[in-house]
Visitor: 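One structure follows; several queries about it will come next.
Chain identifiers are assigned alphabetically (A, B, ...) following the order of the sequence lines, protein sequences preceding nucleic acid strands; residue numbering begins at 1 within each chain. Keep in mind the model is a prediction, meaning the values are calculated, not measured.
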Amino acid sequence: MDKLILIDGNSIIYRAFFAMPPLTNSSGQQTNAVYGFTTMLLRLLEEHKPTHVMVAFDAGKVTFRHEGYQDYKGGREKTPPELSQQFPLLKELLEAFGIAQFELEGYEADDIIGTLTKRADESGRNVIVVTGDKDMLQLASGHVTVGLTRKGVTEVEVYSPAEIQERYGLKPEQIIDLKGLMGDASDNIPGIPGVGEKTALKLLHQYGSVEEVLAHTDELKGKMKERIETHAEDARMSKKLATIYRDVPLDKTWDDIVFGGLRTEKAGAALAKLEFKSLLERLSLSAESGSSADMAEAVADVLIVREDNLEEVEKALDAVEVVHVETYGDNPHQAQVIALVLGTLDRQFFIPFELMASQEAGSIRSWLSNPQRKKRGYDLHRADLALHWHGVEFAGAEFDVQLAGYLLDPTDANQTLTGLAAKYGLPSIRPDEEVFGKGAKYKVPEEDVLADHLARKAAVIQELIPSQQKQLEENEMKELFFGLEMPLSRILADMEKQGVLVNVDELKALGKEFEEQIARLVQEIYELAGVEFNLNSPKQLGEILFDKLGLPVVKKTKTGYSTDAEVLEKLAPYHDVVQNILQYRTIAKLQSTYVEGLLKEISDKTGRVHTYFRQTVAATGRLSSQYPNLQNIPIRLEEGRKLRKVFVPSEPGWLILAADYSQIELRVLAHISDDERLKEAFQNDMDIHTKTASDVFGVAPETVDANMRRSAKAVNFGIVYGISDYGLSQNLNITRKEASRFIDQYFDVFQGVRRYMDEIVKDAKRDGYVKTLLERRRYLPEINASNFNLRSFAERTAMNTPIQGTAADIIKLAMVHMDQAMSERKLRSRMLLQVHDELVFEVPEDELEMMKELVPSIMESALKLLVPLKAEVSYGSNWYEAK
DNA sequence: TCAATCACG
DNA sequence: ACGTACGTGATTGAG
């Protein structure tokens, strides 16, 4: 039986380009789109074993669609050169693979595919169409299924007519009616303005087609009727544009697209030329033993563990390679635990959570909690927390593939197991959303489906480890991973479980004060404005300020007037209401985010807030904090700073102790730039902003006034962020020229810094990434972009990331050392929070003296730099007092 | 779900 | 000439 795969080449390469991490070969040629396309292709070939394969491309700038509508695909961004350069590479590779490529002047890839599917339908051949374009769903039929890429390119979701019916309630041929009504911004197909997918579907479910909708507009009412009537012609035209032409004069036969397996010699050479090493390995691998075959075996052998066969797991515990804990819920402290899978080399054990929590499973629980028994898995940090709140302890994490994936490419947002499997060319894992559904539709599937899904996950985790291990090794990141991030992961979990006690009465009292202030301000604002409106709506506020009161427009946003604090400051002199609005914003923020928000997050079990530090999101290597975010508790303004009083020790008589690094980023800069002046400043522990002012303005430090110091401080910030004259001018409210002069003067004095900035950008352009002192990497695919904005952004990031990232490395090191020091000394003190350059502890009184010395000393010696690190410690009865 | 705003380092 | 400071998360309104 023939099986055909027809690929929409333009659509897939376009998506691959935007979805894939940066990748350039040694000659600087970007290859990410080709790489993404190829991994997807290999996956398809493996999974479907097609007899025929063809890739279609668009040809010619003008197609027959332009004849009726010149603006077709108008307004579309030009294809970036980084992408268009990759077309020839892809075509060459397909040639080497022995895969047919069709293109025909005046037609798009869709039309070629549409024509072939029509012929296939007629001759009873089975086809899978692969594209990123939903329009192509119109081609689905008894013989034709359409695979849509999702999130990246390697995941393909397959639609048969039944699945289209289920998803949209439409027949395939109605997809064009859908487009007719809703249009498509990316192709500049207008549709009917104001009609999106929801409305369009409602209309189609009722009337069936564009023509029928238009014939029954008398049954509609209000705005909708008006819109549809005025844009009837647009809808007809849009439908026509969305219709794939299926009679392209294509002079080809099925024999022209026969696929005879990869011509490995040529294919190998082509892959080698592109420097796709992992794909090369994968091909030779799958030629011999086939990792997917191994996995199929393992997955086939899943034991669903019950009370009566528990013994089998117990016997296998020594051989367990991988632990996978399936949880549900974003907040790991509140997540459910669905089930666990323990994977050995030859079989998998699926353990429903109820069994895990039962009396009978004691031996498994003690295995899980034994730190000597090493575990490997995906997001073990989350597993640890979720299990903890269900009475099951977890210890001994040795390798976390999510964490490794993050270190290997921290900007890859898709660190799901599905994404990692795709990226490493492993057998695909169905996305969780697909298996469980999401939001209200979430439902744990039948046990056999669940067991199979989780077993696949465990198998993929197992296969990921050696690849990641090797890459970590190649990138010299093993110490960072095993010595820093893995140990830190456990420490974070301990901090989070501990939580921070909140004084609820105090918090509520603050809330009451804010509430009164808000009521007063709102009244006053309504009176001054002469009208009541929703103060929280920037849109309504803008209308009042600019239309009604006629204040000058300072700045606009994409959607209308800007009303942010910077704008309001400028408007304050014009009208008394403005100052009140600023005050309202300040208090309303405190109330909604910090009083109400914090109250919601207090655990009824512990009376504390248990934040979750995310270790795999920030591109620079910093942590982030969620549920609640305890890294942005107010401090700058006294009104907000009072909130810190509610964070108190969890035991009577204990104290809050906080220690923060002084100027860590500029000290790091002094080290990595080896700038003489900057080093000298820190070696003598000078006030860095005053010193900068004195050097830049060429005056004695004693004569630096507040204004000069303020400017110097802004320049220092700018330097750390990757300076631009425009940014500095905005910050200091000066002209770009003046800012530019400042920067020049700065660089004349701090020549080492100038050298660093030049070098790091050059390195980034050469390597495609930058790294921190501890070898943490960040790829910068846009560093060589031809688009000025993209490139400039990447250049600033190249300057900033090693600084911010190294600072993150240092405090993480300090945390690991601190944890070690506290347990060696058997201290009862606990580390509670990390706020980028600050660590917060709760300490018993009798440990205060010890901790006052220990914390700063460990922080200062975390890493030896060319300049000293400095940490300042303070303490009090709550976080506010620890200042 | 996105955009605007604002809290922190 | 181009037009932005680096990194996060939470809340709100509006489509």
Visitor: Using a 4.0 Å heavy-atom cut-off, does A714(A) contact any base of the nucleic acid, only the sugar-phosphate backbone, or nothing at all?
Guide: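 If one applies the 4.0 Å heavy-atom cut-off, A714(A) turns out to touch a base.
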Visitor: Regarding S729(A) and N731(A), do their side chains bring together a donor and an acceptor under 3.5 Å, going by distance alone?
Guide: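 Judged by distance alone, the side chains do not pair up.
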Visitor: Give the first and the last nucleotide of DNA chain C, reading 5' to 3', that has any atom under 4.0 Å from a heavy atom of chain A.
Guide: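 The contacted stretch runs from dC2(C) to dG15(C).
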Visitor: Assign G718(A) to base, sugar-phosphate, or nothing according to its heavy-atom contacts below 4.0 angstrom with the strands shown.
Guide: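 Base, at least one base atom sits under 4.0 Å.
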Visitor: Salt bridge (charged side-chain N to carboxylate O under 4.0 Å, His left out) for K589(A) and E639(A)? Distances and angles first, verdict last.
Guide: CA-CA 11 Å; K589(A) 175 88 177 182; E639(A) 296 140 292; over 6 Å; no
Visitor: Counting Watson-Crick and G-U wobble pairs only, both distances under 3.5 Å, name the nucleotide matched with dA1(C), or none.
Guide: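 Base-paired to nothing in any strand shown.
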Visitor: Check every strand shown and say whether S724(A) touches a base, only sugar-phosphate, or nothing at a heavy-atom separation below 4.0 Å.
Guide: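 Contact class for S724(A): base.
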Visitor: Report yes or no: do Y769(A) and D409(A) form a side-chain donor-acceptor pair below 3.5 Å?
Guide: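 No donor-acceptor contact under 3.5 Å links the two side chains.
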Visitor: Name the nucleic acid region contacted by N536(A), choosing base, sugar-phosphate or nothing; use a 4.0 angstrom heavy-atom cut-off, strictly under.
Guide: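 Sugar-phosphate, backbone atoms only, no base.
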Visitor: So if I take residues 539-548 of chain A and measure heavy-atom distances to DNA chain B, which residues fall below 4.0 Å?
Guide: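 Result for residues 539-548 of chain A: none.
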Visitor: Just call it for R641(A): base, sugar-phosphate, or nothing, with non-hydrogen atoms closer than 4.0 Å on any strand.
Guide: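 Since no nucleic acid heavy atom lies under 4.0 Å of R641(A), the category is nothing.
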Visitor: Only one of I810(A), L484(A), L492(A) passes side-chain contact (heavy atoms from CB on, under 4.5 Å) with M815(A); say which it is.
Guide: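 For M815(A), the side-chain contact (heavy atoms from CB on, under 4.5 Å) test succeeds with only one of I810(A), L484(A), L492(A), which is L492(A).
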Visitor: Mind telling me whether Y442(A) and F436(A) have parallel, tilted or perpendicular rings, with 30° and 60° as the class edges?
Guide: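 The arrangement is parallel - the two ring planes meet at less than 30°.
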Visitor: Which part of the nucleic acid does A619(A) contact within heavy-atom distance under 4.0 Å: base, sugar-phosphate only, or nothing?
Guide: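 Sugar-phosphate only.
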Visitor: Taking protein heavy atoms under 4.0 Å as touching, what does nucleotides 2-9 of chain B look like 5' to 3' if B marks base contact, S marks sugar-phosphate-only contact and - marks none?
Guide: -SSSBBBB
Visitor: Using the ring of each side chain (for Trp, its six-membered ring), is F647(A) parallel, tilted or perpendicular to W879(A), with breaks at 30° and 60°?
Guide: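 Ring orientation of F647(A) relative to W879(A): perpendicular.
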Visitor: Is the closest basic N to carboxylate O distance between E860(A) and R667(A) below 4.0 Å?
Guide: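 Not counted as a salt bridge, because no side-chain N and carboxylate O are separated by less than 4.0 Å.
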Visitor: Test T616(A) against L407(A) for side-chain contact (heavy atoms from CB on, under 4.5 Å), laying out the working first.
Guide: CA-CA 8 Å; T616(A) 59; L407(A) 289 188; over 6 Å; no
Visitor: Could you measure between the two P atoms, the one in dA4(B) and the one in dA5(C), and give it in whole Å?
Guide: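 So the two P atoms sit 13 Å from each other.
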Visitor: Under a 3.5 Å threshold, yes or no: a donor from one side chain and an acceptor from the other, between Y779(A) and D412(A)?
Guide: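 No, D412(A) and Y779(A) have no side-chain donor paired with an acceptor closer than 3.5 Å.
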Visitor: Please find the pair of heavy atoms, one from R776(A) and one from G805(A), that lie closest to each other, and give the distance.
Guide: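 It is NE-O, 4.4 Å.
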Visitor: H333(A) vs Y612(A) aromatic rings, parallel, tilted or perpendicular, using cut-offs 30° and 60°?
Guide: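 Rings of H333(A) and Y612(A): perpendicular, as their planes differ by over 60°.
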Visitor: Using the P atom as the reference point in each nucleotide, state the distance between dA3(B) and dT4(C) in Å, no decimals.
Guide: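 The answer is 15 Å between these two P atoms.
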Visitor: Checking all strands, does F613(A) fall into the base, sugar-phosphate, or nothing category for heavy-atom contacts under 4.0 angstrom?
Guide: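 Nothing, no nucleic acid heavy atom in range.
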